[in-house]
Amino acid sequence: MTESKAVFLKPKKEVSILRRHPWVFSGAIRAIEGAVQSGDLVAVHANKGRLLGYGHYSSGASIAVRMLTFDETVVDQEWWNSKIEGAVRMRKELKLIDGDHNSICRLVHAEGDGMSGLIVDYYDRVAVVQTHSLGMRHSLNAIKQGLVDALGKDLVGIYNKSAKILRKLRVESEDAWIYGKAPNAWAPEEYGAAFEIDILLGQKTGFFIDQRENRNLLKDYAAGKSVLNVFSYTGGFSVTALLGGATKVDSLDSSSRALELAHSNALANGFASQVHGCIEADAMEFLKSGVADYDIVVLDPPAFAKSVSARHKAVQGYKRINSRALESMKKGSLLFTFSCSQAVDDRLFTHTIISAAIQAGREVQILHRLHQPPDHPVSAFHPEGAYLKGLVLRVN
Ligand code: SAH
């Protein structure tokens, strides 16, 4: 089917693909055969002609091909069904779907699930799909079918939320329900906490699912404590801290819409305004005024480095907000601090936080090193997929 559309690599450029790394950079391509267009499925060959596998081609992008298979296996409906079924089965084994009190998880984590360019998040029988390449955009029907077959009664709606991402690739797309819709009695839950998810207008697919286990850790520390949740978005860490017995939680974000949802999420879980406050502010400005009133501070900023070239500036940003927070934190308090920048790895993040502590003149202990949860798996062949890292520090 795709034999006529093929990409041939320069000598030796097949090495990373033989190691099952799924990205072919544009500079690795020697020749393109057939009327290949952006979004096409192409056969990828080594310089001398050996077939390496199939992937989605993107013209003009630095990642020119995102590999889907690494042998002669063709990418047909059967392939999609088996990949998606495998991804769903893993989440079921983790008890993240139809498990006790949890109905929120990531179903497909791009390279981590062998589907480079595709994200699918799951909120109580509703799947939200994000296609990050034109090839995935073209595969939307096959993806829909795969989700319907794999999830059965556990699926009543699929929303395609790719317009903003595809616009960056100069591809027009409209966000829309592509299968069913959200049910009337729709109640997404994370370990028993109810969350209102704004799929249509919220950031990403509506919620930052990747912090589930880290929120759960905060719950263990929260009893009797006052908590400041900086970059709170819709109050994920705030609600979990309250459920863990925090006496007072303040959610801080620059987005009033996010704070409205944080407030209604606190209320929906039984916490009134006396115990949950909203602070609409710029994080850095607020931190300057001191955080000595709190026993626990959470810092979960948006990705400061969206690319490797922005790494240095991002590191400065992490250092600044962390040293600002550490300066005024009280003795014995805890800092939960995170980075979701792919370009800043574990080591670099730890070093940055250590230098922030030195700058703030504080002695800190590392109690926990945190990562993304198993429904955001990292392919062993694609270490770049490990993007979320965090530290829990005790400030002395
Ligand atoms: N911790 C959240 C996710 C944080 S997403 C959770 O668990 O759900 C990052 C948030 O930072 C967004 O809500 C965004 O509105 C907010 N934000 C971005 N820049 C900010 C700034 N300068 N000051 C305060 N909040 C900011």
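Keep in mind that what you see is a predicted model, and the values were worked out from it rather than measured.
Inter-residue side-chain proximity for Leu217 and Phe336 is flagged as met; some heavy-atom pair is nearer than 4.5 Å. Contact of the Leu242 side chain with the Thr240 side chain is not registered, since no non-hydrogen atoms from C-beta on lie closer than 4.5 Å. The shortest side-chain heavy-atom distance between Leu335 and Met329 falls under the 4.5 Å cut-off. Side-chain contact between Arg66 and Glu111 is present, with heavy atoms from C-beta onward closer than 4.5 Å. Taking 4.5 Å as the limit, some side-chain heavy atom of Asp198 sits within range of a side-chain heavy atom of Arg257.
Donor-acceptor pairing under 3.5 Å is recorded for the side chains of Tyr123 and Thr205. Under 3.5 Å, the side chains of Gln145 and Asp149 contain a donor-acceptor pair of N or O atoms. A donor and an acceptor atom, one from each side chain of Ser238 and Asn229, are located under 3.5 Å apart. Between His371 and Asp346, the side chains place a donor N or O and an acceptor N or O closer than 3.5 Å (distance only, hydrogens not considered). Neither side chain, Ser162 nor Gln130, offers a donor N or O lying under 3.5 Å from an acceptor on the other. Ser341 and Tyr318 share a donor-acceptor pair across their side chains, judged by distance under 3.5 Å alone. Counted by atom type alone, Glu384 and His21 present one or more donor-acceptor pairs between their side chains at under 3.5 Å. Between the side chains of Arg394 and Ser333, no donor-acceptor pair is found at a separation under 3.5 Å.
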### Query
Step by step, would you call Leu259 with Tyr233 a side chain to side chain contact (heavy atoms under 4.5 Å, CB included)?
CA-CA 7 Å; Leu259 287 172; Tyr233 187 49; over 6 Å; no
### Task
Given side chain to side chain contact (heavy atoms under 4.5 Å, CB included), test Val129 with Leu118 step by step and report yes or no.
CA-CA 7 Å; Val129 173; Leu118 180 65; 3.8 Å; yes
### Task
Test side-chain hydrogen bond (donor to acceptor under 3.5 Å, both in side chains) on Glu189 and Ser103 and set out the steps.
CA-CA 5 Å; Glu189 273 189 319; Ser103 58; 5.3 Å; no
### Query
When you look at Asp250 and Tyr294, which way does the side-chain hydrogen bond (donor to acceptor under 3.5 Å, both in side chains) test go after all the steps?
CA-CA 9 Å; Asp250 286 330; Tyr294 299 96; 2.5 Å; yes
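Paired with Glu190 under the rule side chain to side chain donor-acceptor pair (under 3.5 Å), one option of Arg212, Arg215, Gln211 passes, and it is Arg215. For the salt bridge (charged side-chain N to carboxylate O under 4.0 Å, His left out) with Asp113, the qualifying choice from Arg91, Arg89, Lys83, Arg106 is Arg91, the only one to do so. Checking Asp71, Asp76, Thr69 one by one against Thr73, the side chain to side chain donor-acceptor pair (under 3.5 Å) holds for a single residue, Asp71.
Formation of a donor-acceptor pair under 3.5 Å by the Asp154 side chain with backbone atoms of Ile97 is not found in this model. Under the 3.5 Å distance criterion, the side-chain polar atoms of Ser116 are left unmatched by any main-chain donor or acceptor of Met67. Side chain of Asp40 to main chain of Tyr57: no donor-acceptor pair is present (N/O by atom type, distance under 3.5 Å, no hydrogens or angles). Looking only at distances, a side-chain donor or acceptor of Gln372 sits under 3.5 Å from a matching main-chain atom of Tyr387. Between the side chain of Trp186 and the backbone N or O of Asp124, at least one donor-acceptor pair lies under 3.5 Å. Side-chain N or O atoms of Lys225 include none that pairs as donor or acceptor with a backbone N or O of Ile296 at under 3.5 Å. Within the 3.5 Å criterion, the main-chain N or O of Ala281 finds no donor-acceptor partner in the side chain of Ser254. The closest donor-acceptor contact from the side chain of Arg362 to the backbone of Asn396 lies under 3.5 Å. Counting only distance, with no hydrogens or angles, the side chain of Asp220 and the backbone of Ala222 share no donor-acceptor pair below 3.5 Å.
Atom CZ of Phe207 sits about 10.5 Å away from atom CG of Leu261, to the nearest 0.5 Å. Here the CG atom belonging to Leu370 is positioned 12.0 Å from the NZ atom belonging to Lys389, to the nearest 0.5 angstrom.
Residues Leu218 and Val239 share a single hydrophobic cluster, defined by chaining ILVMFWY side chains whose heavy atoms lie under 4.5 Å apart. Hydrophobic clustering, with ILVMFWY side chains joined whenever heavy atoms are under 4.5 angstrom apart, groups Val275 together with Val227. Ile366 and Leu299 fall within a single hydrophobic cluster, where Ile, Leu, Val, Met, Phe, Trp and Tyr side chains are chained together by heavy-atom contacts under 4.5 Å. The hydrophobic clustering, which links ILVMFWY residues whose side-chain heavy atoms are closer than 4.5 Å, places Leu68 and Ile143 together. Placement of Ile209 and Tyr191 in two distinct hydrophobic clusters is found when ILVMFWY residues are connected by side-chain heavy-atom separations under 4.5 Å, directly or transitively.
Taking Arg167 as the reference, Ala163, Glu172 meet the side chain to side chain contact (heavy atoms under 4.5 Å, CB included) condition, with sequence neighbours excluded. For Lys181, there are no salt bridge (charged side-chain N to carboxylate O under 4.0 Å, His left out) partners, not counting sequence neighbours. For Val148, the side chain to side chain contact (heavy atoms under 4.5 Å, CB included) test picks out Lys144, Leu155, Ile158, Tyr179, with sequence neighbours left out. For Ser26, the side chain to side chain contact (heavy atoms under 4.5 Å, CB included) test picks out Ala64, with sequence neighbours left out. Here Arg50 pairs with nothing under the salt bridge (charged side-chain N to carboxylate O under 4.0 Å, His left out) rule; sequence neighbours left out. Qualifying side chain to side chain contact (heavy atoms under 4.5 Å, CB included) partners for Pro383, counting only residues two or more places apart in sequence or in other chains: none.
Within 6.0 Å of the NZ atom in Lys204, the count of heavy atoms belonging to other residues, nucleotides or ligands does not exceed 12.
Summarising the geometry of Val120 relative to Ala127, their closest heavy-atom pair is CG1-CB, 3.9 Å, with the distance given to 0.1 Å. Across Ala272 and Leu267, no two heavy atoms sit closer than the pair CA-CD2, 4.0 Å.
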